[in-house]
Amino acid sequence: MELGAFSVSLAVENLERSRAFYEKLGFEVTGGDPDHGYLILVNGTTTIGLFQGMFEADGFTDVREIAERLEAAGIELTARELPEGGGAAHVALTDPDGNPILIDQHR
């Protein structure tokens, strides 16, 4: 499967703050329109799109609830970092063929 030109689109809260951050990582603005809430940045062959106010945040099941469901189903977790109160957390498990699986939550 040839994906051709590949890019990642990120929903950002503050377009200018995100632009400044990614420019420090070596990205350069190559397109977009800040007045319409988006910029396209490139660093080598890596392209990212920054979009402010264009995408609704995706809903998700908190990893703490996922961990409870997995354990209730009899699946052993090989790692768990589940601070109370929400936010960043992760669990790890292994599939029947020994492949590690990481479920990582950043917010």
Side-chain angles (χ1 to χ4, degrees):
M1 178 183 322
E2 177 61 43
L3 295 177
F6 185 79
S7 66
V8 174
S9 297
L10 303 172
V12 299
E13 291 182 21
N14 182 302
L15 189 60
E16 286 305 312
R17 181 182 67 199
S18 295
R19 172 187 184 161
F21 174 82
Y22 284 100
E23 286 178 336
K24 289 177 184 176
L25 295 178
F27 286 87
E28 296 180 6
V29 174
T30 60
D33 184 348
D35 292 333
H36 288 99
Y38 77 101
L39 291 170
I40 307 301
L41 295 90
V42 173
N43 180 338
T45 60
T46 304
T47 302
I48 59 173
L50 303 177
F51 296 87
Q52 179 179 328
M54 291 186 154
F55 303 117
E56 294 291 324
D58 292 333
F60 63 93
T61 301
D62 190 273
V63 70
R64 291 155 193 81
E65 184 179 336
I66 293 170
E68 288 177 14
R69 290 181 186 182
L70 293 172
E71 290 176 321
I75 296 173
E76 179 184 347
L77 300 179
T78 58
R80 59 187 298 131
E81 182 66 34
L82 301 167
E84 291 185 29
H90 71 268
V91 296
L93 55 142
T94 305
D95 80 3
D97 294 305
N99 297 304
I101 299 169
L102 174 68
I103 301 172
D104 197 18
Q105 177 175 308
H106 298 278
R107 56 183 170 115

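Index from 1, following the sequence. The structure displayed is predicted, hence computed values, not measured ones.
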Taking all non-hydrogen atoms of both residues into account, name the closest pair between [X] and [Y] and its distance.
| X | Y | value |
| --- | --- | --- |
| G32 | Y38 | CA-CE1, 3.2 Å |
| I40 | G49 | CD1-CA, 3.9 Å |
| V63 | Q105 | N-OE1, 2.6 Å |
| R64 | A89 | NH2-CB, 3.6 Å |

Drop me the distance from [X]'s [atom1] to [Y]'s [atom2], to the nearest 0.5 angstrom.
| X | Y | atom1 | atom2 | value |
| --- | --- | --- | --- | --- |
| H36 | L15 | NE2 | CG | 12.5 Å |
| E13 | Q52 | CD | CD | 9.0 Å |
| R19 | E28 | CZ | CD | 11.0 Å |
| R80 | L93 | CZ | CG | 11.5 Å |
| L41 | S7 | CG | OG | 11.5 Å |
| E23 | E16 | CD | CD | 8.0 Å |

key: Contact check, side chains of V29 and Y22, non-hydrogen atoms, under 4.5 Å   =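 No, side chains not in contact.
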
ask   = Counting N and O atoms only, with roles assigned by atom type, does the side chain of T78 sit under 3.5 Å from a partner on the main chain of A92, one being a donor and the other an acceptor?
value =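 The answer is yes, because a donor-acceptor pair under 3.5 Å joins these two groups.
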
task = Check for a donor-acceptor pair, side chain of D97 on one end and backbone N or O of N99 on the other, with a separation under 3.5 Å.
result =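 No; zero donor-acceptor contacts below 3.5 Å.
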
State yes or no: do [X] and [Y] share one hydrophobic cluster built from I, L, V, M, F, W and Y residues joined by side-chain heavy-atom distances below 4.5 Å, directly or via other members?
| X | Y | answer |
| --- | --- | --- |
| L70 | L102 | no |
| L39 | I48 | yes |
| L82 | I103 | yes |

task = For E65, check salt bridge (charged side-chain N to carboxylate O under 4.0 Å, His left out) against everything at least two apart and list the hits.
result =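 Partners of E65 under the salt bridge (charged side-chain N to carboxylate O under 4.0 Å, His left out) test: R69.
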
key: Criterion side chain to side chain contact (heavy atoms under 4.5 Å, CB included) against L50, the qualifying member of L10, V8, N14   =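 That would be L10.
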
